[in-house]
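Presented below is the structure to which this report refers.
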Amino acid sequence: MKYNFTEIEQKWQKFWDENKTFAAAEDYSKPKYYVLDFFPYPSSEGLHVGHPEGYTATDIIARYKRMKGFNVLHPMGWDAFGLPAEQYAIKTGIHPRITTQKSIDNFKRQLKSIGLSFDWDREVATIDPKYYKWTQWIFMQLYNKGLAYQAEIAVNWCPELGTVLANEEVPEQIEKGYTVVRRPMKQWMLKITEYAERLLIDLDMLDWPESTKEMQRNWIGRSEGAKVTFKIKNPSQAGAEMEDLGGVLTLEIFTTRPDTLWGATYMVLAPEHPFVDKITTAEHKTAVDIYKENAKHKSDLERQALEKDKSGVFTGAYAINPVNNEEVPIWISDYVLMGYGTGAIMAVPGHDERDWEFASKFHIPIVEVVKPAGTLTSDITKEAFTEEGVAVNSGFITGLKTEKAKKKVIEWLEANSLGKGTVQYKLRDWLFSRQRFWGEPFPVIHLEDGTVKLVPEEDLPVMLPEVDNYKTIGTGESPLAGIPEWLNTTDKETGLPAKRETNTMPQWAGSCWYYLRFLDPFNEEEFVSKEKEKYWMPVNLYLGGAEHAVLHLLYARFWHKVLFDLGYVSTREPFVRLYHQGMILGEDSNKMSKSRGNVVNPDEVINGYGADSLRLFEMFLGPLSASKPWSTNGIEGVYRFLNRIWRLIIDENGNVNSAIKDVKPEGDTERIMHRTIKNVTDDIEDMDMKFNTCVSELMIYMNEISKLEVIPRENIIVLVKLLAPFAPHLAEELWHRLGGNTGTITYESWPEYDASKIEKSVITIVGQVNGKIRVRLDVENDLEEAKLLETVKNDEKMKTYLDGKQIIKEIVVKNKLVNIVVK
RNA sequence: GCCGCCAUGGCGGAAUUGGUAGACGCGCUAGACUCAAAAUCUAGUGAAGGCAACUUCGUAACGGUUCGACUCCGUUUGGCGGUACCA
């Protein structure tokens with residue numbers, strides 16, 4: 001009887017569905033294991049063979065943990081709001097709900113056809129009002145805690161998409177060929193900066209890839225330094241505006257090197273700095289205005305793409321250096337960014353590359369105030385010296401090492417109220433609104449007097465209305481602004497007329513907390529019950545691609561910490577262990593893409609070889625974390641392997657192979673069984689998830705037992721059980737045919753091994769002379785070292801290499817080798 | 001530019017963490033079965049030399065540490081990912 005994978009796979013998929021085999025139990029007495037895949041966006045293209053790699057890996061872990069007796073939660077759902085469906089709606093007029101649902105159905109069909117053991121009863125989708133009710137509710141908690149606010153800021157506006165983008169989203173969209181320009185707009189912001197320090201520190205407690213943690217650290221960008229106040233000189237030639245100011249105007253700057261204050265030979269303001277107009281003298285006004293105008297029209301993209309060639313103009317004003325009362329000229333330049341620090345810097349060309357470049361170009365003096373310590377040398381006329389060293393020409397800190405000098409300057413600044421030590425972060429607040437239709441509406445109303453209010457909790461969810469125009473209207477308002485019957489409402493409390501907030505939330509909102517909803521997907525009273533949250537959290541294993549290292553993974557940590565502070569969740573971090581699977585490339589070793597024509601569709605692979613072959617091959621391809629090319633030939637190998645297993649257990653007539661007998665495995669047969677259990681178990685448990693070697697261990701085991709004339713039944717049972725997480729359909733079928741009477745192999749116990757039975761009685765060791773292998777010998781296991789040495793030295797062949805030579809050293813490693821060093 | 005990761009047969013990749021390099025699979029070669037092919041099975045397969053047993057070389061390149069290095073250290077080259085005027 002042939003291995004009919006299609007029939008077997010459909011049969012067991014139906015069985016699992018009907019019996020709800022993978023439903024997580026609400027049995028809190030059992031140890032739990034929560035294994036989660038990154039929330040997928042159901043694209044209209046469906047899966048390519050890259051997707052099942054991660055899903056298969058988590059599925060193996062889920063199935064393995066079930067056999068190890070854990071109560072496993074392995075859910076799946078949809079991050080279903082998103083631009084593609086809305087863009088498609090604009091083009092075709094088809095409601096995004098319809099296209100999205102179609103995509104979800106297709107994704108789900110494909111995932112099921114791979115035999116993934118999801119608890120489908122817990123499926124959620126962010127577009128479901130029952131789900132986004134709670135996304136809105138969490139927003140209300142953020143708002144009430146003062147973490148959500150509106151601000152008129154320069155945003156990243158993308159004209160093609162008709163929406164603003166978060167800083168984190170900009171590079172991706174530019175890569176896709178969209179343009180992004182700066183433009184001031186009133187936007188919702190979330191104060192993620194308030195959590196910057198904790199988001200940074202708590203990274204240390206996470207078992208995450210070091211590269212991802214490092215990327216988050218860089219993104220948060222903590223730097224220690226000082227804010228220093230410079231007085232602006234009231235120059236006689238100052239413009240009229242300056243005179244009107246009356247009091248003293250001071251300029252605050254941030255620096256990480258307060259020890260270089262003595263080397264500050266000029267100041268730079270960002271062109272957008274509010275002081276620019278106030279301090280510019282009449283003489284320089286025209287030049288400054290032109291420069292400002294140019295800077296405004298440069299998009300961020302242009303600012304970045306341009307050569308690092310410095311530009312700038314002098315304002316005519318001077319500042320007083322607080323440490324030595326020297327006058328330093330104030331320039332403006334777009335190499336200083338308004339968004340970081342105070343938007344103004346003291347420039348120390350001797351010790352900062354950018355300042356050095358600028359000063360060289362504009363012939364501003366370069367002063368040396370730090371000399372390298374030790375043997376290093378520096379020549380600041382040739383380039384800036386940016387390392388730490390010893391302060392020179394620096395008043396009371398002269399002679400101090402950089403670290404000490406910094407401290408002393410900060411103390412002095414604080415004592416004289418001229419500045420203070422501070423910490424700055426690169427991280428900005430999260431721009432949280434989009435001018436889009438297809439997203440969660442904000443639970444917010446605006447009264448005519450400008451009051452902003454949350455809608456009452458009992459009115460949640462604020463539903464998306466039905467519309468027939470999906471385009472952004474006018475100058476960038478969401479299509480929601482064009483629906484008066486939705487837009488206009490009344491404030492319940494006062495009865496006054498009000499308008500709804502027409503922005504919607506970004507796609508990240510729904511994915512910030514979905515891992516919590518899976519714990520309690522039907523709860524209408526709470527977003528998750530405390531009891532369930534306490535039992536299931538945190539997520540034990542979270543698996544997905546590295547591309548979300550700073551976006552989703554930072555946002556979700558932020559929301560989680562807020563919920564923790566409010567007492568709604570019990571863990572400080574949501575995902576204790578994170579793993580990134582590598583990419584599966586096309587057969588040409590390029591990234592799979594439609595345009596390259598190298599996309600492999602899993603449906604075709606399943607039709608040709610079956611889901612079990614697909615799963616096994618995805619794992620066999622190489623280490624999970626590596627990028628590796630797909631190989632159509634390669635899948636033949638695992639397909640043959642599954643066929644061999646089938647033929648080993650089932651004969652031509654469909655009966656169990658008569659060579660399988662109820663005898664005890666003995667000798668080598670027993671040994672290889674224990675060895676295989678150990679190796680497969682260890683490799684599954686391994687932090688590196690080395691499933692490729694698991695598969696090869698199974699192949700070796702099968703090769704060995706198929707040589708036997710009488711095959712002990714236990715060997716076969718072990719094979720089928722070990723195979724179950726990897727090729728579950730075939731394992732179920734064989735288990736069933738072998739007389740497994742429990743219906744499914746899913747909850748059968750994972751085989752145990754006896755370490756003492758793995759060791760061989762006779763092992764091969766090597767004899768080396770001067771490190772070169774000269775002979776291989778079979779000796780008894782654990783032969784003591786002296787005897788081992790003697791055996792090797794007495795070997796005839798060894799003797800030919802040793803005769804007439806002087807023995808200098810003898811190295812003996814038990815069970816491994818003997819190395820004799822001669823002269 | 002800076003930060004992080006990587007480099008092993010014709011190909012994907014193993015290597016008990018300093019101790020038999022190339023497991024397992026693909027591909028290829030030969031044989032068995034067949035009228036023939038496919039499938040299947042058996043044997044071989046890093047390179048060079050030799051009829052052979054065997055010998056020499058071999059983990060990107062060069063150097064170092066060590067009785068012994070794919071593994072540790074230094075330099076160089078090539079590739080991948082991230083980031084980019086963050087003061």
Side-chain angles (χ1 to χ4, degrees), chain A residues 2 171 209-215 217-219 221-223 225 253-257 260 264 268 270 303-304 306-310 333-337 339-348 351-355 357-358 386 424-428 546-547 549-550 580 582-583 587 589 616-617 620-623 625-641 643-644 647 679 682 690 692-703 763-773 775-777 797 808-822:
Chain A
K2 271 191 70 179
E210 203 44 52
S211 59
T212 298
K213 291 207 258 184
E214 197 55 28
M215 277 161 71
R217 286 188 193 109
N218 290 339
W219 191 264
R222 182 184 200 273
S223 51
I253 59 100
F254 173 73
T255 177
T256 54
R257 291 294 296 270
T260 61
V268 188
R303 272 201 194 184
Q304 284 169 18
L306 278 174
E307 270 296 290
K308 299 282 155 70
D309 197 23
K310 297 284 179 291
S333 171
D334 63 7
Y335 86 89
V336 171
L337 309 173
Y340 182 76
T342 61
I345 62 158
M346 66 170 193
V348 185
H351 306 284
D352 180 283
E353 279 170 32
R354 296 150 300 177
D355 298 345
E357 235 177 271
F358 189 89
T386 58
Q424 278 290 327
Y425 301 92
K426 262 178 20 179
L427 184 72
R428 316 287 159 83
E547 64 275 11
V550 280
H580 296 310
M583 221 182 308
E587 247 174 312
S589 290
L616 215 55
F617 185 57
F620 189 59
L621 219 40
S625 58
S627 291
K628 57 244 155 190
W630 180 260
S631 158
T632 302
N633 276 333
I635 195 165
E636 297 272 357
V638 293
Y639 178 63
R640 269 175 224 162
F641 167 62
N643 270 288
R644 275 188 215 128
R647 287 199 306 267
N679 289 349
D682 286 356
K690 301 200 282 190
N692 54 330
T693 52
C694 287
V695 178
S696 87
E697 283 296 336
L698 290 172
M699 287 174 168
I700 294 167
Y701 180 57
M702 204 249 4
N703 286 342
I763 55 165
T764 307
I765 59 103
V766 295
Q768 298 180 328
V769 178
N770 288 343
K772 282 202 166 137
I773 294 156
V775 65
R776 292 182 162 85
L777 296 173
K797 202 172 166 201
I808 293 170
K809 202 169 178 182
E810 290 164 336
I811 293 120
V812 184
V813 183
K814 207 176 181 183
N815 289 344
K816 285 266 154 66
L817 55 81
V818 171
N819 185 15
I820 297 171
V821 185
V822 297

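Note that these values count all heavy atoms, side chains included, but never hydrogens, waters or copies made by symmetry. Chain letters run A, B, ... following the sequence lines, proteins first and then strands; every chain starts at 1.
Nucleotide B:U66 holds its P atom 10 Å from the NZ atom of A:K809, rounded to whole Å. One can place CD1 of A:I763 at 13 Å from C1' of B:G19, the figure rounded to the nearest angstrom. In this structure, A:K2 atom NZ and B:A38 atom P are separated by 16 Å, rounded to whole Å. Nucleotide B:C24 holds its P atom 23 Å from the OH atom of A:Y639, rounded to whole Å. In this structure, CG of A:N679 is placed 9 Å from C1' of B:U16, rounded to the nearest angstrom. Protein atom CD of A:E214 is 15 Å distant from nucleotide atom P of B:G82, rounded to whole Å. As a whole-Å value, the separation of A:K772 NZ from B:C54 C1' is 14 Å.
For B:G58, there is no paired base (Watson-Crick or G-U wobble, both distances below 3.5 Å). Pairing partner, B:U66: none, since no Watson-Crick or wobble contact has both distances short of 3.5 Å. Partner assigned to B:G27 is B:U45, using Watson-Crick or G-U wobble distances below 3.5 angstrom. Across all strands shown, B:G22 forms no Watson-Crick or G-U wobble pair with both key distances under 3.5 Å. Searching all strands for a Watson-Crick or G-U wobble partner of B:G1 with both distances below 3.5 Å returns B:U83. The pairing partner recorded for B:U40 is B:A32, the criterion being a Watson-Crick or G-U wobble arrangement whose two distances lie under 3.5 angstrom.
A:K797 comes within 4.0 angstrom of sugar-phosphate atoms only, judged by non-hydrogen atoms across all strands, and of no base. Note on A:I811: a base of the nucleic acid sits closer than 4.0 angstrom, heavy atoms only. Counting non-hydrogen atoms under 4.0 angstrom, A:T256 reaches the backbone sugars and phosphates but no base.
Applying the 3.5 Å distance criterion, the base of B:C26 shares no donor-acceptor pair with the side chain of A:N633.
Both A:E210 and A:M346 sit near RNA chain B, but only A:E210 has its closest nucleotide nearer the 5' end. Place A:K426 and A:I635 on RNA chain B by their nearest nucleotides, and A:I635 ends up nearer the 5' end.
Between A:R217 and B:G4, a side-chain N or O to OP1/OP2 separation shorter than 4.0 Å is absent. Considering only side-chain N and O atoms, A:N703 lies under 4.0 angstrom from the phosphate OP1 or OP2 of B:G25. The phosphate of B:C41 (OP1 or OP2) has a side-chain N or O of A:R644 nearer than 4.0 angstrom. In this structure, A:R640 reaches the B:U40 phosphate: one of its side-chain N or O atoms is under 4.0 Å from OP1 or OP2. Between A:S211 and B:G82, a side-chain N or O to OP1/OP2 separation shorter than 4.0 Å is absent. Between A:K628 and the phosphate of B:C80, there is no side-chain N or O to OP1/OP2 separation shorter than 4.0 Å. The phosphate of B:C24 has neither OP1 nor OP2 within less than 4.0 Å of any side-chain N or O from A:N692.
If you check B:A15, B:G13, B:U20 against the side chain of A:P623, the one that comes closest is B:G13. For A:K816, the listed nucleotide lying nearest its side chain is B:U16; candidates were B:C3, B:U16, B:G25. When distances run from any side-chain atom of A:F620 to the nucleotides B:G19, B:A14, B:G25, the shortest one goes to B:G25.
Taking atom P in both B:A14 and B:U8, one finds a spacing of 11 Å when rounded to whole Å.
Figure legend: A:K310 and A:F358 shown without cation-pi pairing, the cationic atom not lying both under 6.0 angstrom from the six-membered ring centre and within 45 degrees of its axis.
In this structure, the side chain of A:N770 engages the main chain of A:V822 through a donor-acceptor pair within 3.5 Å. Using modelled atom types, no side-chain atom of A:K690 and backbone atom of A:D682 make a donor-acceptor pair closer than 3.5 Å. Using modelled atom types, one side-chain atom of A:E587 and one backbone atom of A:T632 make a donor-acceptor pair closer than 3.5 Å.
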